[in-house]
Amino acid sequence: QVQLVDSGGGLVQPGGSLRLSCAASGFSLAYYAIAWFRQAPGKEREGVSCISSNNGITNYANSVKGRRFTISRDNAKNTVYLQMNSLSPEDTAVYYCASPRRIGTGCYSSSTMYDFWGQGTQVTVSS
């Protein structure tokens, strides 16, 4: 059974850091693009970051690009991580990892292209 389990969320003060984990069972993450999305109350789900399957190319939303978030994968642990630094209240949301059904793809920007989803982990940034 294919399953993604995301974890690592919590309450953190502004400027703090968290590392989210997306662990897979039933398939090997190494062959699939893995994306992180987030959804804040009253807002649409938005893509945060993604790592492609074949060449490990990463991309990030403009709001987190370069300066704060880093996506990586550990194939031996069958896990993808999202390291989040310099968090701000605007980062408060439920974060989900997701994977498409097709093997060997690049990243998709639309959430509709992803077939498997984690259950979500809450990130709250507040003083």
Side-chain angles (χ1 to χ4, degrees):
Q1 180 181 0
V2 172
Q3 189 175 15
L4 294 174
V5 177
D6 34 37
S7 62
L11 173 63
V12 63
Q13 292 186 342
S17 298
L18 284 173
R19 188 178 76 160
L20 305 184
S21 299
C22 176
S25 61
F27 72 108
S28 174
L29 283 180
Y31 301 107
Y32 295 85
I34 302 296
W36 284 97
F37 288 82
R38 66 186 181 187
Q39 188 164 19
K43 294 186 177 181
E44 293 186 355
R45 188 169 296 189
E46 65 169 343
V48 176
S49 183
C50 182
I51 184 166
S52 67
S53 61
N54 43 13
N55 50 21
I57 290 177
T58 59
N59 55 45
Y60 300 90
N62 287 334
S63 59
V64 305
K65 185 180 294 184
R67 56 188 179 91
R68 302 188 301 121
F69 288 17
T70 303
I71 190 171
S72 62
R73 66 166 83 230
D74 185 334
N75 292 337
K77 294 184 178 181
N78 211 24
T79 301
V80 168
Y81 302 100
L82 184 67
Q83 177 68 43
M84 306 188 297
N85 300 324
S86 301
L87 286 163
S88 67
E90 290 70 32
D91 295 315
T92 294
V94 178
Y95 285 70
Y96 302 87
C97 64
S99 172
R101 185 183 304 274
R102 283 185 60 193
I103 196 170
T105 70
C107 291
Y108 301 109
S109 59
S110 172
S111 63
T112 62
M113 297 300 291
Y114 293 87
D115 302 290
F116 305 115
W117 291 81
Q119 80 285 2
T121 184
Q122 176 71 47
V123 172
T124 303
V125 185
S126 176
S127 55

Task: Set of side chain to side chain donor-acceptor pair (under 3.5 Å) partners for Gln122, sequence neighbours left out - done: Thr124
Task: Heavy-atom pair with the smallest gap, counting every atom of Asp6 and Gln119 - done: O-NE2, 2.7 Å
TODO: Search all heavy atoms of Leu82 against all heavy atoms of Ser49 and return the closest pair with its distance.
DONE: CD1-CB, 4.0 Å
Task: Shortest non-hydrogen contact between Ala93 and Ala40, atoms and distance - done: CB-N, 3.8 Å
Task: Donor-acceptor contact below 3.5 Å, side chain Thr58 vs main chain Ile51 - done: no
Open item on the list: Under 4.5 Å side-chain heavy-atom separation, chaining through any Ile, Leu, Val, Met, Phe, Trp or Tyr, what else clusters with Ile57? Say none if it is isolated.
Closed with: none
Open item on the list: Tell me every residue that passes side chain to side chain donor-acceptor pair (under 3.5 Å) with Gln1, counting only those two or more places apart in sequence or in another chain.
Closed with: none
Open item on the list: Please give me the minimum heavy-atom distance between Cys107 and Ser52, naming the atom from each residue.
Closed with: SG-N, 3.6 Å
Task: Sequence neighbours excluded, every pair satisfying ring pair (Phe, Tyr, Trp, His ring centres under 6.0 Å) that has a member inside residues 74-104 - done: none
Task: Reported OG-to-CG distance for the pair Ser126 and Leu87, which is rounded to 0.5 angstrom - done: 12.0 Å
Open item on the list: I'd like to know whether Ser53 forms a side chain to side chain contact (heavy atoms under 4.5 Å, CB included) with Ile103, so could you lay out the CA-CA distance, the side-chain angles of the two residues, the decisive distance to 0.1 Å, and finally the verdict.
Closed with: CA-CA 8 Å; Ser53 61; Ile103 196 170; over 6 Å; no
Task: Considering all heavy atoms, the nearest Gly106-Ala33 contact - done: O-CB, 3.4 Å
Open item on the list: Same cluster or not: Tyr60 versus Val125, using hydrophobic residues (I, L, V, M, F, W, Y) connected whenever any side-chain heavy atoms lie under 4.5 Å apart?
Closed with: yes
Open item on the list: Contact between Val94 and Thr121 at the side-chain level, heavy atoms closer than 4.5 Å - yes or no?
Closed with: no
TODO: Keeping the roles fixed (side chain from Asn75, backbone from Asn78), state whether a donor-acceptor pair exists under 3.5 Å.
DONE: no
Mind listing the side-chain donor-acceptor pairs of residues 8-28 below 3.5 Å, one per line with the distance, residues two or more places apart or on another chain?
residue, atom, partner, partner atom, Å
Ser17, OG, Asn85, OD1, 2.9
Ser28, OG, Ala30, N, 3.4

- [ ] Hydrophobic side-chain clustering at under 4.5 Å (ILVMFWY, transitive links): who's grouped with Val5? Put none if nobody.
- [x] none
Task: Distance in Å, Leu29 CG paired with Asp74 CG, rounded so as to fall on 0.5 Å steps - done: 10.0 Å
Open item on the list: Once rounded to the nearest 0.5 Å, what's the spacing between atom CD1 of Ile34 and atom CD1 of Ile71?
Closed with: 8.0 Å
Open item on the list: For the SG atom of Cys97 and the CZ atom of Phe116, what is their distance to the nearest 0.5 Å?
Closed with: 12.5 Å
Open item on the list: Using only atom types and a distance under 3.5 Å, with no angle test, would you say the side chain of Glu46 pairs donor to acceptor with the backbone of Gln39?
Closed with: no
Task: Pairs involving residues 102-112, ordered by first then second residue, that meet side-chain hydrogen bond (donor to acceptor under 3.5 Å, both in side chains) (sequence neighbours left out) - done: Ser110-Thr112
- [ ] List for me each residue that meets side chain to side chain donor-acceptor pair (under 3.5 Å) alongside Thr79, sequence neighbours excluded, and say none if there are none.
- [x] none
Task: Inter- and intrachain pairs under ring pair (Phe, Tyr, Trp, His ring centres under 6.0 Å), touching residues 35-54, at least two apart - done: Phe37-Tyr114, Phe37-Trp117
TODO: Using the test salt bridge (charged side-chain N to carboxylate O under 4.0 Å, His left out), find all partners of Asp91 that sit at least two apart in sequence or belong to another chain.
DONE: Arg38, Arg68
